[in-house]
Number of protein chains: 2
Amino acid sequence: MGSPGGERVTAAVMIIGDEILSGRTQDTNLRDIARYLGVLGIDLAEARTVPDVHEEIVAALNALRGRYDYVITTGGIGPTHDDITADAVAAAFGVELEEHPEIMAMMRARWGDDLNAARRRMARVPVGGVLVKNPVQGPPGFMIGNVFVLAGVPTIMRGMLEDVGPRLRGGMVTIARTLRVEGSGEGTIAAPLEAVAKAHPEMSLGSYPFFNPEGFGSNLVLRSRNADELARAVADLTAALAAAGIEAVREVVEG
Amino acid sequence: MGSPGGERVTAAVMIIGDEILSGRTQDTNLRDIARYLGVLGIDLAEARTVPDVHEEIVAALNALRGRYDYVITTGGIGPTHDDITADAVAAAFGVELEEHPEIMAMMRARWGDDLNAARRRMARVPVGGVLVKNPVQGPPGFMIGNVFVLAGVPTIMRGMLEDVGPRLRGGMVTIARTLRVEGSGEGTIAAPLEAVAKAHPEMSLGSYPFFNPEGFGSNLVLRSRNADELARAVADLTAALAAAGIEAVREVVEG
């Protein structure tokens, strides 16, 4: 993974499901996919959450797949009437759906005479689609063009991701370091932070404040594709904060 | 709240922040806003997560505000250099930013001589903007046109939402009931579920499977703007599941 050329590789996530937009379910797939892509050096550039409405899924997918190197969708591939992702992806690519022989064989082995019409819905894959393994349970996902269609259930989605990674062209891996400032708010640290950000324009430097019963402060996250530049920026930022009288700074190692 | 005419009122959420797209931070604002809007009878129709990039924020905001009745943004209104939401919203509306006299007065009272340039950034509001109260801490958000610009820190965002609700024209309130099926997978319940969904086309009927150490099954969520129709649909679904031999069904009252 990681292309030495440092070319930027981009992806978008499309979360499909009324249950997210109604607030019934807290999505966690976006974060899991973002972290997984980050390790591969792929920038997650945008995410959209769309309802279980055919036209909405088709339109969003076509917008995203034309713009980014990869699109990963989650949700809507089960057996019920509201699972319409395969239909919408086929429509977006202008192809038909077909029962995939490999999924049908798996399902016949699993269900025998109980392989009803609802379950057979899950065997439908757009023509030209390639399966994405599901190591958890249930039928596989699929890939067509630059689009990966995964389950919405988080444990299954994470399992499927493991079969997505090896098919992605990785960008340069981004590395991150975090400095935690305690007892100083963003208004105090903004000036030294901005000076360092300007001196290191190729890096990402974010400030994420926290407030909790133990106190307040901010986590400053420095992110670069270049380890040397990152080390210089961390040193510069530490010095700039100290020069501004902000001493309660320590590096956080994230688990 | 709740328009008797039953007109559909729509909203979109725009989450602004590299920390969400890098996977560093788990967003929870989408769910909180979705639930808040649900109580007001407003349909959250779409959500987008965009990076801290001026052009991306402007383009997404213009797409969303033209399409939905309301847009709620979260994130990017602090004092640091990566807080560019106010600039982007002003650009989207084609207006200038100005230091809002009410925020400046608050900040002078709070900071006195420590009111530095970074903090003054947070007083900038697009011309024509109206403040959204911040009952938690720090400066207010603002509203311009059909767009509400809120903080990204969840506790502050939720506080600001309380000053958004009274300004929204509510739709008909949607009510929900949940039937929990235990020991039957989606493949088994899909047929009775679909029959009931077809018989009640004005309702939303979703199936959300669960798998955990205690067992598996699915939560069937019925949602309608009409209490009588909802009661009929719950009765129909209970009967249809029983007719399919699925007996382990109980109603879940969500907290």
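Numbers restart at 1 for each chain; the letters A, B, ... are given by sequence-line order, proteins then strands. Worth knowing before you read on, the calculation uses all heavy atoms, side chains too, and leaves out hydrogens, waters and symmetry mates.
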Side-chain touch [X]/[Y], heavy atoms, less than 4.5 angstrom:
X	Y	value
Ser22(B)	Leu44(A)	no
Glu194(A)	Thr80(B)	no
Leu205(A)	Asp82(B)	no
Arg24(A)	Val221(B)	yes

Short question: side chain of [X], backbone of [Y] - any donor-acceptor pair under 3.5 Å?
X	Y	value
Asn116(B)	Thr188(A)	no
Arg31(B)	Gly23(A)	yes
His81(A)	Gly206(B)	no

Could you tell me which portion of [X] (side chain, backbone, both or neither) has an atom closer than 4.5 angstrom to a non-hydrogen atom of chain B?
X	value
Leu21(A)	both
Thr155(A)	neither
Asp27(A)	backbone
Ser218(A)	neither

**Prompt:** Is there a side-chain contact (heavy atoms from CB on, under 4.5 Å) between Gln26(A) and Thr28(B) once you walk through the steps?
**Reply:** CA-CA 7 Å; Gln26(A) 167 69 57; Thr28(B) 58; 3.8 Å; yes
Counting only heavy atoms closer than 4.5 Å, note whether [X] contacts chain A via side chain, backbone, both or neither.
X	value
Ala45(B)	backbone
Arg223(B)	side chain
Ile156(B)	side chain

**Item:** Most contacts with chain A, counted as non-hydrogen pairs under 4.5 angstrom, among Ser207(B), Ala118(B), Gly38(B)
**Value:** Ser207(B)
**Request:** Among Pro79(A), Gly187(A), Ala34(A), single out the residue with the greatest number of heavy-atom pairs under 4.5 Å to chain B.
**Result:** Gly187(A)
**Asked** Of the listed residues (Asp114(A), Leu30(A), Leu193(A)), which shares the most heavy-atom pairs with chain B below a 4.5 Å separation?
**Response**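 Looking at each option in turn, the highest pair count goes to Leu193(A).
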**Asked** So how far is it from Met122(B) CE to Glu186(A) CD, rounded to the nearest 0.5 Å?
**Response** 7.5 Å
**Asked** Any salt bridge between Arg67(B) and Glu56(A), counting N to O under 4.0 Å?
**Response**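 Yes, Arg67(B) and Glu56(A) are salt-bridged.
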